[in-house]
Every structure is written in structure tokens, then in C-alpha cells.
Amino acid sequence: MEKHNLDVLIATLPENLYYLSCFKSISHRILNRVQAFAMYVRKNDELTMIVPCADVATLIEQHEDANVVCFGNFFFSFPDIAQSQSTKKIKQITKNRFASSMEALCEAINKVGLRSGKVGMDESRITPQLWKSLTDTFSDLEFVPGEAIFSEIRMIKHASEISLLERSAEIAEESLLSALDKLKIGMTELDIEQSYIEEVVKRGGRPFFNVISEGLRSAYADTINTSQKIADGSILRFDFGCLYHDYRSDIARTAVVGRVPAKVEEYYGYILEGENKLVEYIKPGITAEALFEVAVDKVKEGIPHYKRQHVGHGIGLEVYDTPSLAPGIQTKLEPGMVLCVETPYYELEWGGVQIEDTVVVTEGGCRFLTKTSRELIKIGG
């Protein structure tokens, strides 16, 4: 905030709201139209939550001393004589509700008492009309888009975040290996998906995504799983992850059932060399674009026609945190960044091979958060 000369920072995206407040609400995640705000004031290190009335009880349960302004037409019933302090606080907060999110947000900003200053407003979940209303109402304040500022803040992970990301990766990898142990000829992509999800839940994770594509379908990036059956000679591309305490994993592995076709082994070797070269170059100070060039140039030594739009990305509360390892991205790596690195190859009417790992940037290079073998997985044969 000091770097951007901000007096106030307001979050709207659920991930940014959680990052500021550690408040979890199901409504923010599943109801895209629900608005909520977390407002942080730099001068007095104070956080105010602006939430729908329905969220107040959960918020007070999680953060009993929270500053809260609420809005909306949801109603709790209260006993004639409240026994608990939390019930008394919920009653007081909801009694002073506002009709709309705009009115509640204006009240919270008014309480700050700023006569002039700069407000970073995360534009992810607000309408142009709300933005205009704010700037018209507080004409002495300067409002600037805050989504990119939040991305910059979240780019460097705290040690606790790195631990959660590491466990998320471990759960995903362990779950895939367990699912592969149960793999049989004739199973479908959907069968393996179900097995993987069950293993994730057993380990305390939450399902997030899993692409299990067989044969020619392994060339379909970011596809959905189908009833396509596993056969002897199947190429299997796994692009998978999970959630652990809201932190995400994103990993990829490639397997072959039975005899390994020469082209699969050859091309997988090339993309693995590309990822190895990328990892070798990771260090503080190198740019995201430079890593892109290193990886693509290495893969091109074996696959001259190889093309990619990126070779990795940050990961955290969102699967695509900044930076992207892509052309034109001049962001310099810093210790504490957590990156997914990948060099996949997709060829229609043949198949796809992919490897993707997670690393944390350290003072001297990087450390893998993924732990399983990065070699081509050979099943049976």
C-alpha cells in the first residue's frame, strides 16, 4: 500500500477477501452475485467487513471482535433474552443494517474519516454503476483499480502459505498414485476420476479439478472426462489438483498402459528436458519471460515446431496467481514465489504428453513442492 500510496484497500474477489480477513463464507464462493467487501485502512491498521446480513453469524463465529457493517433483507430470530455475547453482537449488527451493499460500503468508508486520499478498489466483483456511485459520492477521494495490486501482494507467499501449498500438492500426488494402483483395462476416464476424488477426500483435501484424458483425447487441453475406456497401449494424460485449506495444487503426469510407443517416449523426453532446463534457471532476479524462452528453446531442440503461450504460472488461493511465465512478462522472480512449471505438448490425432510441477523460489534457486517421480509412468507391459 505504501508503494502505491494507498490509504485504503478494498477487496471484493472471494480470494482477496479471504486473504485480507481469513473469513470463509460459502455464499461468496457459490453465488457469484453476492457482494461482500473487506476494507483495510493503513493508518490505523483496521479491517472492516461489509457483508450480507445472512453472513453475520458465521463471521462473528469465526472472528468475534470483527468490525462489521451489514446489508440486505435476511432476518435471524432472537431469544427474548440473549445469553451469549456473540448473539448480542449479531443482534446489534443486524439491527443497524443497510438496504444495499452500496449504502453499507459508503457507511464503512465514511467511518474512516478520510477527507482526501487514495483508495485501491478491487474491481473483480463490482459493477461499473457501483464504481461510478462511489466516485460520485466521495469526490474528494481518488479510486484506483485494485485487482492487480492484490495480485502483486499475493505473489509472495508467507511460510504458512507455502506449507499449505506443499500439502495440497502432496495430497494430489498421493491420490493419483492410489488411483493408478486400482487402474484396470476397461475402466473409463470417469472411473479414474471417481477413484481420484475419493482418495483426495480421504486425505483431507477437497476436489478441485482433474483431467484424465485417454488416447487421442490426451491432446485435448483442459477437457472434461468421459466414458472413454482404457485399453492396452493407452496414453493417459493427467492434469490434476485439489484444495487444502483453500490453497490449490496443479500438477500433470503422463502414463502409458502396456507397450510404450517410441514417439511417446521420445516426445516425453523432450518436454521433460524443457522443464528441467526451466527449473535449472529459476533464481531470484530472472524474469518470467526469460524462463519462457529457456524452456521453449530447449524443447525445440527435439520438437522444432513446438509452440507455447506460457510455461507456467503462480499458484496460491487461485490456480493462476501471478506471474505467468510468458512472453512480455518482465516480472522478476523473488524468494517466496510459488510457481507451477510446465511444458506440455498437444498434437491432435496423435495425443498429448504433459509434465507439471510446483516449486517455491528460494534465495539460491528453487525447491520442489511436488515429490513424485517426473519420469513417464509405465503401467503393466
Side-chain angles (χ1 to χ4, degrees), residues 151 155-156 169 211 213 218-222 235 237-241 249-256 260-315 319-377:
S151 294
M155 190 163 53
I156 309 298
V211 172
S213 51
S218 60
Y220 295 5
D222 301 326
I235 303 173
R237 185 178 62 83
F238 302 96
D239 191 1
F240 60 101
S249 47
D250 181 11
I251 306 164
R253 294 289 183 262
T254 303
V256 177
V260 181
K263 183 174 177 178
V264 173
E265 189 133 42
E266 179 186 4
Y267 274 43
Y268 187 84
Y270 293 141
I271 68 164
L272 178 57
E273 288 175 4
E275 187 185 272
N276 284 337
K277 183 61 70 173
L278 190 164
V279 170
E280 178 186 327
Y281 272 74
I282 289 176
K283 62 182 179 180
I286 193 168
T287 66
E289 181 180 55
L291 289 175
F292 173 85
E293 293 170 351
V294 162
V296 171
D297 287 348
K298 185 61 182 177
V299 178
K300 278 186 173 181
E301 291 177 10
I303 310 174
H305 58 278
Y306 183 73
K307 293 181 181 180
R308 277 294 289 165
Q309 80 279 22
H310 72 76
V311 295
H313 52 85
I315 192 167
V319 69
Y320 270 63
D321 269 4
T322 52
S324 178
L325 307 183
I329 305 299
Q330 296 303 314
T331 303
K332 292 182 179 180
L333 267 56
E334 298 180 49
M337 288 183 178
V338 177
L339 306 171
C340 290
V341 292
E342 58 178 321
T343 49
Y345 175 76
Y346 311 107
E347 182 179 320
L348 295 176
E349 298 188 18
W350 173 69
V353 287
Q354 185 177 8
I355 181 168
E356 183 173 8
D357 286 282
T358 308
V359 301
V360 57
V361 181
T362 63
E363 295 288 349
C366 71
R367 176 175 71 86
F368 276 91
L369 300 187
T370 43
K371 306 295 197 308
T372 57
S373 171
R374 298 162 57 240
E375 299 297 323
L376 181 65
I377 299 170

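These figures come from a predicted structure and were not determined experimentally.
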Heavy-atom neighbours of Lys263 NZ exceed 12 at 6.0 Å: yes
Is it true that, when you exclude Tyr281 itself, more than 12 heavy atoms of the residues, nucleotides or ligands shown sit nearer than 6.0 Å to its OH? no
Does [X] use its side chain to pair, donor to acceptor, with the backbone of [Y] at less than 3.5 Å?
X: Arg253; Y: Ser373; result: yes
X: Lys332; Y: Gln330; result: no
X: Ser218; Y: Ser213; result: no
X: Tyr306; Y: Pro344; result: yes
X: Ser249; Y: Gly241; result: no

Let me confirm one number: the [atom1]-[atom2] distance from [X] to [Y], rounded to the nearest 0.5 Å.
X: His313; Y: Ser324; atom1: NE2; atom2: OG; result: 8.0 Å
X: Glu301; Y: Lys277; atom1: CD; atom2: NZ; result: 7.5 Å
X: Glu356; Y: Ile315; atom1: CD; atom2: CD1; result: 7.5 Å
X: Glu342; Y: Leu325; atom1: CD; atom2: CG; result: 9.0 Å
X: Ile355; Y: Arg374; atom1: CD1; atom2: CZ; result: 4.5 Å
X: Lys283; Y: Glu334; atom1: NZ; atom2: CD; result: 15.0 Å

Compare every heavy atom of [Y] with every heavy atom of [X], then report the nearest pair and how far apart it is.
X: Pro261; Y: Val256; answer: CD-CG1, 3.9 Å
X: Ala221; Y: Arg237; answer: CA-NH2, 3.7 Å
X: Leu369; Y: Ala169; answer: O-CB, 4.0 Å
X: Pro327; Y: Gln309; answer: CD-O, 3.4 Å
X: Thr362; Y: Cys366; answer: OG1-N, 3.3 Å
X: Glu289; Y: Gly328; answer: OE2-N, 2.8 Å

For the pair Val211 and Tyr220, evaluate side-chain contact (heavy atoms from CB on, under 4.5 Å) and give the outcome as yes or no after the intermediate values. CA-CA 10 Å; Val211 172; Tyr220 295 5; over 6 Å; no
For the residue pair [X] and [Y], establish whether any side-chain heavy-atom pair is separated by less than 4.5 Å.
X: Thr358; Y: Asp250; value: no
X: Val311; Y: Glu275; value: no
X: Val279; Y: Asp357; value: no
X: Ile282; Y: Val341; value: yes
X: Thr343; Y: Tyr270; value: no
X: Leu333; Y: Leu339; value: yes

Give me each pair satisfying ring-ring contact (aromatic ring centres under 6.0 Å, His included) with a member in residues 325-360, each pair once, sequence neighbours excluded. Tyr267-Tyr345, Tyr267-Trp350, His305-Tyr345
Mind checking side chain to side chain contact (heavy atoms under 4.5 Å, CB included) for Thr331 and listing every partner two or more places apart, or none if nothing turns up? Met155, Pro323, Ile329, Met337
Worked verdict on Glu280 versus Lys298 for salt bridge (charged side-chain N to carboxylate O under 4.0 Å, His left out): CA-CA 12 Å; Glu280 178 186 327; Lys298 185 61 182 177; over 6 Å; no
